[in-house]
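Computed over heavy atoms, backbone and side chain alike; hydrogens, waters and symmetry mates excluded.
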Amino acid sequence: TIRSSSAASDVYKRQLPWLTQKLGRRRAWMVVSQLCIMGAILLMALIDPASSHSQLTAMAWAAVLLGFSSATQDIVIDAYRIESADADLQAMLSATYIAGYRIGMLVAGAGSLALAGYLGTSVEHYSYTAWRITYFGVAFCMLVGLITALVIPEPDLGDRVKPKDYSTTDYARFFALFLCAASVFVLVFFYGGMIGNSLKSVLKESLGQFGRIAGFLVETLRLFISLGVALVAARGLVALGLVNREMLNDTYIDPVKDFFTRYGVKIAVLLLLLIGFYRVSDIVLGVISTVFYLDLGFSKTQIAGIVKTFGLLMTIAGGFLGGMLTVRYGVLKILFLGGVLAAATNVLFMILAGAGPNLLMLKAVV
C-alpha cells in the first residue's frame, strides 16, 4: 500500500533522527555526507604523512573516509536530481551536474596544486605547512555544497513514495552485512595478489607471444574470485539471520528482478552492454591521453593550458549542448549520435599521432 506523507516522514525520522525531520530525507543525507567529506579533508590537513608510518596509515584511513563520504554524496545528489523534476528535464539537470562536477575537479585538482606550489611545496621540496593550508582551503570550498543543501527545497514526492517500515536495528544490521562482505572482498583480493603474481609468470611462458594479456586474465580472475567469495560470505550471514530478509529483497533483489521483468532478458542484457561499453574508448584513452601527448612532444604547460583549461570549457559546453539536444530530439537519437562521435574521436587521435606536436590539431582533438 502507498502510505501518506506523514507516515513517510515518520519513516525518514528513524533513518536520521532529528535531521531528517528538519531537512527531509535527501537533504539530510546530503548534509551528513558533506560534513563527513569536510571532516575527512580537515583530518588530512592535520596529518603529516612524511613524519611517520603511523601518520601515513592515518592519511590512508582519512582517504577511505573521504572516498566513502563522496560516493554517498554522489548517490544522494543523483536521487535528489531524479526526484526533483520530471523525466523531460533530467538531461539538462544531468548536464548542469556534469558542469559543476568538472568545475569542482578543476578547483580541487589544478587549483589545490597551484595553491600548494604558491605556498612553497614542490617535487624537490615537500612542505607540510603548504599542504595543510591547501587542505584547509579545499575543505572551506565544501561550504558551497553545504549551504546549497540547506537552502534548496526537499523534493515533493506526494503519493509516489512507498516507504518501508524498517527499524534502526534493521538498518544497522544491513550496514554490518555490507561491511562484512566488503571486508571479505578486500582480504581475498589483497592476499590473492601473491598467488596471482606466480600465476602471471606461468601464463606468460605458456602463452608465448600472447603473454602480454596474462596480467589482464589473472587480474580479471582474481576480481571474480574475490566477488564470489564475498557473495558466499554474505549469503552465509543472511542464512544465519543477520539481516531482515524482506529488507534485503527490497534493496538488492527486487530492483534487479524488476529490471529484467520490465524489459525482458534480451533487452535488459543489451542495455547493460550499452551502459558498460558506451564510453569505454573515451575512458581508456582519457587515462593515457597525457602520456600520449607527452610522447608526441607537447610540453606539460601546453597540455595543462589546452587539455585541462580549454578542455574543461569544451566539456561544459558539450554537456549543455547534449542536454538541450536531448530535450529537443529525445534520448535515443542523441545516444546514437554520441556513440558515433565517441568512435570518431579515435580517428582524431590517429590523425594527431601523424601530425605531431601541432597545437591547432590538439585543440581540434580536445
How long is the straight-line distance from [atom2] of [Y] back to [atom1] of [X], given to the nearest 0.5 Å?
X: Phe298; Y: Ile306; atom1: CZ; atom2: CD1; answer: 7.0 Å
X: Ile225; Y: Phe189; atom1: CD1; atom2: CZ; answer: 11.0 Å
X: Leu362; Y: Leu296; atom1: CG; atom2: CG; answer: 9.0 Å
X: Ser289; Y: Leu294; atom1: OG; atom2: CG; answer: 9.5 Å
X: Arg26; Y: Ile152; atom1: CZ; atom2: CD1; answer: 12.0 Å
X: Leu325; Y: Ile334; atom1: CG; atom2: CD1; answer: 4.5 Å

Which heavy-atom pair separates [X] from [Y] by the least distance, and what is that distance?
X: Tyr128; Y: Ile47; answer: CE1-O, 3.3 Å
X: Glu154; Y: Arg25; answer: OE2-N, 3.1 Å
X: Tyr97; Y: Asp74; answer: OH-OD1, 3.3 Å
X: Ala149; Y: Arg27; answer: O-CD, 3.1 Å
X: Tyr278; Y: Gly339; answer: OH-N, 3.1 Å
X: Ala181; Y: Ala230; answer: O-CB, 3.5 Å

Could you walk me through whether Leu119 and Thr129 pass side chain to side chain contact (heavy atoms under 4.5 Å, CB included), step by step?
-> CA-CA 8 Å; Leu119 294 173; Thr129 303; over 6 Å; no
What do you reckon, is OH of Tyr101 surrounded by more than 12 foreign heavy atoms closer than 6.0 Å?
->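 No, not enclosed.
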More than 12 heavy atoms of other residues, nucleotides or ligands under 6.0 Å from CG of Leu271: is that the case?
->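 It does: Leu271 CG has more than 12 such atoms within range.
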Side chain [X], main chain [Y], donor-acceptor under 3.5 Å:
X: Ser69; Y: Leu66; answer: no
X: Thr121; Y: Ser127; answer: yes
X: Gln90; Y: Ala85; answer: yes
X: Gln302; Y: Gly297; answer: no
X: Ser33; Y: Met30; answer: yes

Could you check whether the rings of Phe68 and Phe175 sit parallel, tilted or perpendicular, using 30° and 60° as the cut-offs?
->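 Ring orientation, 0 to 90° scale: perpendicular.
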Please identify each residue that fulfils side-chain contact (heavy atoms from CB on, under 4.5 Å) with [X], with sequence neighbours left out.
X: Thr169; result: Ser167, Arg173
X: Met142; result: Gln34, Ile37, Met38, Ile41, Gln73
X: Ala45; result: Arg132, Tyr135, Phe136

Side-chain contact, heavy-atom cut-off 4.5 Å: [X] with [Y]?
X: Val269; Y: Leu273; result: yes
X: Thr345; Y: Val365; result: no
X: Leu23; Y: Leu150; result: yes
X: Glu219; Y: Leu223; result: no
X: Asn244; Y: Phe174; result: no
X: Phe336; Y: Val340; result: yes
X: Phe185; Y: Leu227; result: yes
X: Phe292; Y: Leu352; result: yes

Following the transitive rule for hydrophobic clusters with a side-chain heavy-atom cut-off under 4.5 Å over Ile, Leu, Val, Met, Phe, Trp and Tyr, establish whether [X] and [Y] coincide in one cluster.
X: Trp61; Y: Leu65; value: no
X: Leu43; Y: Val32; value: yes
X: Ile98; Y: Tyr80; value: no
X: Val184; Y: Val232; value: no
X: Val107; Y: Leu115; value: no

When you look at Trp131 and Met44, which way does the side chain to side chain contact (heavy atoms under 4.5 Å, CB included) test go after all the steps?
-> CA-CA 9 Å; Trp131 280 110; Met44 288 177 166; over 6 Å; no
Show which side-chain atoms of residues 252-268 pair as donor or acceptor with protein atoms under 3.5 Å away, not counting sequence neighbours.
unit_1: Asp258; atom_1: OD2; unit_2: Arg262; atom_2: NH2; d: 2.5
unit_1: Thr261; atom_1: OG1; unit_2: Lys257; atom_2: O; d: 2.7

Enumerate donor-acceptor pairs with a distance under 3.5 Å from any side-chain N or O in residues 311-319 to protein atoms, sequence neighbours excluded.
unit_1: Thr315; atom_1: OG1; unit_2: Gly311; atom_2: O; d: 2.8

Residues that Tyr118 engages under ring pair (Phe, Tyr, Trp, His ring centres under 6.0 Å), provided they are two or more places apart =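 Once residues adjacent in sequence are excluded, Tyr118 has no partner under the ring pair (Phe, Tyr, Trp, His ring centres under 6.0 Å) criterion.
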Pair Ser54, Ser52: side-chain N/O donor-acceptor within cut-off below 3.5 Å |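 Present: a donor and an acceptor within the cut-off.
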Distance only, no hydrogens: is a donor on one side chain within 3.5 Å (strictly under) of an acceptor on the other, for Tyr126 and Asp48?
->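 On atom types as modelled, these side chains qualify, holding a pair under 3.5 Å.
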